[in-house]
Amino acid sequence: QVQLDESGGGLVQDGGSLRLSCKASGHISNTVDMAWFRQAPGKEREFVASVSMRSRTAGDTVYANSVKGRFTVSRANAARTIDLQMNSLQSEDTGLYFCAAGPYGSNLRRIYAYWGQGTQVTVSS
């Protein structure tokens with residue numbers, strides 16, 4: 001059993017920043033990669049960023065084109081935590097942000113077996 005708990009969401013204005021955190025508990029192995037997805041109302045859940053938790057590729061990151069240069073995902077294995085630094089936020093970034101864990105990094109939802117409940121990010125113009 002793996003449990004993921006997101007935090008850090010909130011309401012910000014255009015150009016603002018937020019830092020999201022995801023704390024993992026339970027049986028987390030070094031082969032597990034973690035990622036952030038987001039879902040706006042009426043839209044499909046989309047990939048945001050991933051970070052490798054594996055020993056071989058620990059720290060390797062992948063970003064969606066829409067957030068490159070603005071978002072940064074990082075890991076803290078000892079604390080079983082990943083963060084998502086979000087800068088220069090835009091209205092298009094509004095959505096429910098989910099933390100996910102899976103066997104390898106991917107932008108496909110089906111790869112991730114474990115999901116948090118999500119934390120809301122709202123960007124006002």
>> Looking at Ser52, is its backbone amide N or carbonyl O close enough to the side chain of Asp60 to form a donor-acceptor pair, meaning the two atoms are under 3.5 Å apart?
In response: no
>> Pair Val51, Trp36 - check side-chain contact (heavy atoms from CB on, under 4.5 Å), show working.
In response: CA-CA 9 Å; Val51 59; Trp36 289 96; over 6 Å; no
> Which residue pairs satisfy the salt bridge (Lys or Arg N to Asp or Glu O under 4.0 Å) criterion with at least one member in residues 98-117, sequence neighbours excluded?
Replying inline: Glu44-Arg109
> If every non-hydrogen atom of Met53 is compared with every non-hydrogen atom of Ile82, which pair is closest and at what distance?
Replying inline: SD-CG2, 4.0 Å
>> Show, in sequence, the C-alpha distance, side-chain angles and deciding distance for Glu92 and Ser66, and conclude whether the side-chain contact (heavy atoms from CB on, under 4.5 Å) test is met.
In response: CA-CA 9 Å; Glu92 293 80 7; Ser66 60; over 6 Å; no
> Who are the ring-ring contact (aromatic ring centres under 6.0 Å, His included) partners of Phe47, not counting sequence neighbours?
Replying inline: Phe37
> Is Leu11 reachable from Leu18 through a run of I, L, V, M, F, W or Y residues, each pair having side-chain heavy atoms under 4.5 Å apart?
Replying inline: no
> If every non-hydrogen atom of Leu4 is compared with every non-hydrogen atom of Ala24, which pair is closest and at what distance?
Replying inline: CD2-CB, 3.5 Å
> Taking only residues two or more places apart in sequence or in another chain, which ones pass side chain to side chain donor-acceptor pair (under 3.5 Å) with Ser91?
Replying inline: none
> Going through the distances and angles, do Ser50 and Met34 end up as a side-chain contact (heavy atoms from CB on, under 4.5 Å)?
Replying inline: CA-CA 6 Å; Ser50 66; Met34 300 179 70; over 6 Å; no
Run the side-chain donor-acceptor check on residues 118-125: report pairs under 3.5 Å with partners two or more places apart or on a different chain.
unit_1	atom_1	unit_2	atom_2	d
Thr119	OG1	Gly9	N	3.1
Gln120	NE2	Gly95	O	3.4
Gln120	NE2	Thr122	OG1	3.3
Ser124	OG	Val12	O	3.4

>> For Val48 and Tyr63: C-alpha separation, side-chain torsions, deciding distance, then whether side-chain contact (heavy atoms from CB on, under 4.5 Å) applies.
In response: CA-CA 6 Å; Val48 175; Tyr63 297 93; over 6 Å; no
>> Applying salt bridge (Lys or Arg N to Asp or Glu O under 4.0 Å) as the test, list every pair that has at least one member in residues 112-125; sequence neighbours left out.
In response: none
> Among all residues two or more places apart in sequence or in another chain, which pass the side chain to side chain donor-acceptor pair (under 3.5 Å) test with Glu46?
Replying inline: Arg38
>> Holding to side chain to side chain contact (heavy atoms under 4.5 Å, CB included), I want the full list of residues that pass it with Phe98, two or more places apart in sequence or in another chain.
In response: Glu6, Gln39, Arg45, Leu96, Trp115
> Does any N or O in the side chain of Tyr97 come within less than 3.5 Å of the main-chain N or O of Gly8, such that one atom is a donor and the other an acceptor?
Replying inline: no
>> Checking Tyr112 now: which residues fulfil side chain to side chain donor-acceptor pair (under 3.5 Å) with it, not counting sequence neighbours?
In response: none
Anything under 3.5 Å between a donor and an acceptor, one on a side chain of residues 83-90, the other on a protein residue two or more places apart or in another chain? List them.
unit_1	atom_1	unit_2	atom_2	d
Asp83	OD1	Ser21	OG	2.8
Asp83	OD2	Arg19	NH2	2.7

>> A side-chain contact here means heavy atoms from C-beta on lying under 4.5 Å apart; do Pro103 and Ile111 qualify?
In response: yes
